[in-house]
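Quick note on labels: first sequence line is chain A, next is B, and so on, each numbered from 1. It should be emphasised that the depicted structure is a prediction, and the values quoted were computed from it without experimental measurement.
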Number of protein chains: 2
Amino acid sequence: MTLTELRYIVTLAQERHFRRAAERCFVSQPTLSVAIKKLEDELDVTIFERNRSDVRVTMAGERIVAQARKVLEEAELVKQIAQEGKGQINLPLRIGAIFTVGPYLFPHLIRNIKPIAPEMPLILEENYTGVLRQKLRNGELDAIIISLPFEEPDVDIQDLYDEPFEVLIPADHPLAKQEKVTRKQLEKENILMLGEGHCFRDQVLNACPGILKHSDETSLPQGTSLETLRHMVASGLGITILPSSSSDKHIYDSDTIVERPFAGKTPYRRVSLVSRKRFSRPKAIEALVQAITSCSLQGAANL
Amino acid sequence: MTLTELRYIVTLAQERHFRRAAERCFVSQPTLSVAIKKLEDELDVTIFERNRSDVRVTMAGERIVAQARKVLEEAELVKQIAQEGKGQINLPLRIGAIFTVGPYLFPHLIRNIKPIAPEMPLILEENYTGVLRQKLRNGELDAIIISLPFEEPDVDIQDLYDEPFEVLIPADHPLAKQEKVTRKQLEKENILMLGEGHCFRDQVLNACPGILKHSDETSLPQGTSLETLRHMVASGLGITILPSSSSDKHIYDSDTIVERPFAGKTPYRRVSLVSRKRFSRPKAIEALVQAITSCSLQGAANL
DNA sequence: GTTACACGATAGCATATGGCGATTGCAATC
DNA sequence: GATTGCAATCGCCATATGCTATCGTGTAAC
């Protein structure tokens with residue numbers, strides 16, 4: 001049984017005339033005759049009663065033809081659905097971002113992607129780099145936004161932006177009076193840090209190797225998010241280091257906390273988008289990159 | 001797009017593994033690979049994302065596969081429906097009978113066909129021979145029960161039974177006292193007849209050629225059915241001639257009307273079943289004939 | 001680091017299928 | 001009796017579909 005054969009019987013049932021039905025199917029009359037006989041043989045049912053003057057659908061044939069019509073309708077829907085799926089940017093895209101990027105990037109992203117891909121809803125998630133990597137690999141996510149370094153086989157990595165680190169200081173802290181803060185100065189302070197697993201923690205430690213020992217000694221609490229760190233700084237518990245995008249707008253004014261750049265070489269992190277090589281919707285990724293790089297994130301330098 | 005291809009993608013979506021999917025489809029792995037690529041090309045959509053380690057269904061693919069599954073289900077139903085339609089005696093059969101046969105045959109027929117073809121409902125109709133002929137020809141009826149003579153191309157005629165004519169007389173009529181009635185005697189009586197178009201009318205006139213003139217002169221009313229004739233006889237309006245099967249059981253006892261056979265050669269009619277040659281369900285016709293010839297109709301001689 | 005393996009893609013070839021035009025056979029009609 | 005119209009049949013061809021063998025690559029094992 002083939003879709004073509006089903007198309008033939010449906011048409012013949014309508015036309016009740018082999019030659020006309022054949023024409024409507026764009027085949028010759030013998031082709032139609034043979035195909036219909038073949039189907040009748042396969043199903044072992046006489047679908048059409050051939051008379052000299054007239055072709056008539058048998059009672060069993062009526063039901064078969066009706067069902068054949070259904071099959072063809074559903075088959076048409078396959079094409080239609082394929083057509084819809086073809087655009088690449090009209091189906092949901094599943095995106096993950098690390099905890100220290102998502103909250104600050106997503107609002108801009110959502111706004112910017114609307115005009116580029118209005119039909120592409122974003123399914124968003126925040127997680128650790130390792131979890132995101134896993135979910136990207138096994139297909140639970142289509143793209144992840146992480147911070148370099150990031151190594152993974154079979155992926156495309158597109159750099160999005162660099163963002164500098166800055167120091168967040170309680171307004172009444174002595175360091176708040178300085179224009180810039182040196183790494184040396186930080187080593188004597190209580191530096192509040194994210195917990196292990198956050199890549200930003202590692203990046204901060206990398207940028208300021210001296211702060212770890214001190215912080216460990218005082219056994220400061222580990223922040224679970226950049227915002228909790230900010231709250232703790234505001235409460236006077238210590239100093240922290242944040243990526244600039246996180247200080248875009250927040251609830252504390254400069255009487256409570258102040259941001260200060262690093263003296264000397266500014267530490268920064270590079271944020272990149274990772275997708276599987278051979279992912280079926282490169283255009284969706286492209287649209288995503290375009291949307292992100294057109295975001296004006298506080299302090300970030302688009303690439 | 002073919003049903004085979006749809007079967008392939010559904011299986012591959014389940015197995016997520018070309019070789020295993022190919023096995024389950026009873027084809028080689030290259031066959032599956034090529035077929036799926038072909039479908040993807042035709043639909044212009046990537047349905048599967050091939051990775052070294054893993055085959056994954058794309059988002060567009062998910063919807064396509066789901067729809068493909070529907071198509072296959074409907075296609076399965078075609079086979080199932082065909083299977084059901086194959087028995088020939090498990091679908092309604094549309095039967096017509098002439099007015100003078102239907103009322104007396106149908107009750108027996110219904111009873112007798114039950115054990116032979118319990119799954120075959122009968123759609124019944126009574127009409128004139130000419131109308132039945134037309135409906136058989138254009139497929140509105142599958143079989144008709146008429147009385148010979150009957151000529152028609154492209155049909156099979158199977159004789160069912162012969163039934164004698166008898167004379168129906170009011171019990172208080174002088175003729176009621178006789179054992180038999182001669183044609184001569186009838187010529188002097190008021191003979192009640194069916195209206196034109198009923199073949200039984202013609203058969204009666206054929207059997208007793210002398211009665212017409214007399215009846216016309218007295219301009220008796222024409223009966224619309226054998227039963228109305230019987231009622232009129234019971235009311236004393238005249239005498240009539242009936243086929244024996246019609247006197248099986250009726251509401252009048254022998255104090256009101258009596259049946260008398262013809263003297264000499266008994267006139268009779270032959271009742272036959274007509275179906276189209278090449279009708280798709282010969283078994284249904286066969287069952288029908290068997291059911292009818294096993295009826296014990298009053299006075300009839302099965303053939 | 002090398003070998004072995006597993007997987008899907010590709011190539012080359014055989015065969016089945018589906019298609020065609022031409023023809024036949026049969027009724028109906030003129 | 002000739003013609004017409006119809007579906008069935010025949011013989012032929014192009015293509016589609018399937019196979020085996022092989023390749024390229026990434027992964028696992030030793």
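- If you take CZ of A/Arg16 and P of D/dC6, they are 14 Å apart, rounded to a whole angstrom.
- Contact annotation: A/Thr31 side-chain N/O to C/dC20 OP1/OP2 distance is under 4.0 Å.
- With rounding to whole Å, A/Met1 atom CE is found 16 Å from C/dT17 atom P.
- Atom CG of A/Asp54 is separated from atom C1' of C/dC26 by 16 Å (rounded to the nearest Å).
- Counting to the nearest Å, the P atom of D/dC19 and the CD atom of B/Glu23 are 12 Å from each other.
- When the P atom of C/dT24 is taken as reference, atom CD of A/Gln29 falls 15 Å away, rounded to whole Å.
- A/Tyr8 comes within 4.0 angstrom of sugar-phosphate atoms only, judged by non-hydrogen atoms across all strands, and of no base.
- Between B/Lys38 and the phosphate of D/dT17, there is a side-chain N or O to OP1/OP2 separation shorter than 4.0 Å.
- Between the CG atom of A/Leu32 and the C1' atom of C/dG21 there is a distance of 16 Å, rounded to whole Å.
- Here B/Glu23 pairs with B/Arg19 in a salt bridge; the nearest charged N to carboxylate O distance falls below 4.0 Å.
- Between A/Leu3 atom CG and C/dG18 atom P there is a gap of 12 Å when expressed in whole angstrom units.
- By the 6.0 Å contact criterion, CZ on B/Phe48 is enclosed, its count of non-hydrogen atoms from other residues, nucleotides or ligands being greater than 12.
- Listed candidates were D/dA21, D/dT9, C/dG8. Nearest to the side chain of B/Phe18 is C/dG8.
- Of the candidates D/dT20, D/dT9, C/dG18, the closest approach to any side-chain atom of B/Pro30 belongs to D/dT20.
- Comparing A/Phe26 and B/Ser33 along DNA chain C, the residue whose closest nucleotide (by nearest heavy atom) sits nearer the 5' end is B/Ser33.
- When distances are taken from the side chain of B/Thr4 to each of D/dT9, C/dG19, D/dG18, the shortest belongs to D/dG18.
- The pair B/Lys79-B/Glu76 counts as a salt bridge, with a side-chain nitrogen and a carboxylate oxygen less than 4.0 angstrom apart.
- The number of heavy-atom neighbours closer than 6.0 Å to NZ of A/Lys38, taken from other residues, nucleotides and ligands shown, is above 12.
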Before giving the answer on side-chain contact (heavy atoms from CB on, under 4.5 Å), spell out for A/Glu5 and A/Ile36 the whole-Å C-alpha distance, their side-chain angles and the decisive distance to 0.1 Å. CA-CA 7 Å; A/Glu5 285 163 359; A/Ile36 283 179; over 6 Å; no
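- Taking atom CZ of B/Arg19 as the reference point, atom P of D/dC19 lies 15 Å away to the nearest angstrom.
- Contact annotation: B/His17 side-chain N/O to C/dA6 OP1/OP2 distance is not under 4.0 Å.
- Between A/Arg50 and the phosphate of D/dA7, there is no side-chain N or O to OP1/OP2 separation shorter than 4.0 Å.
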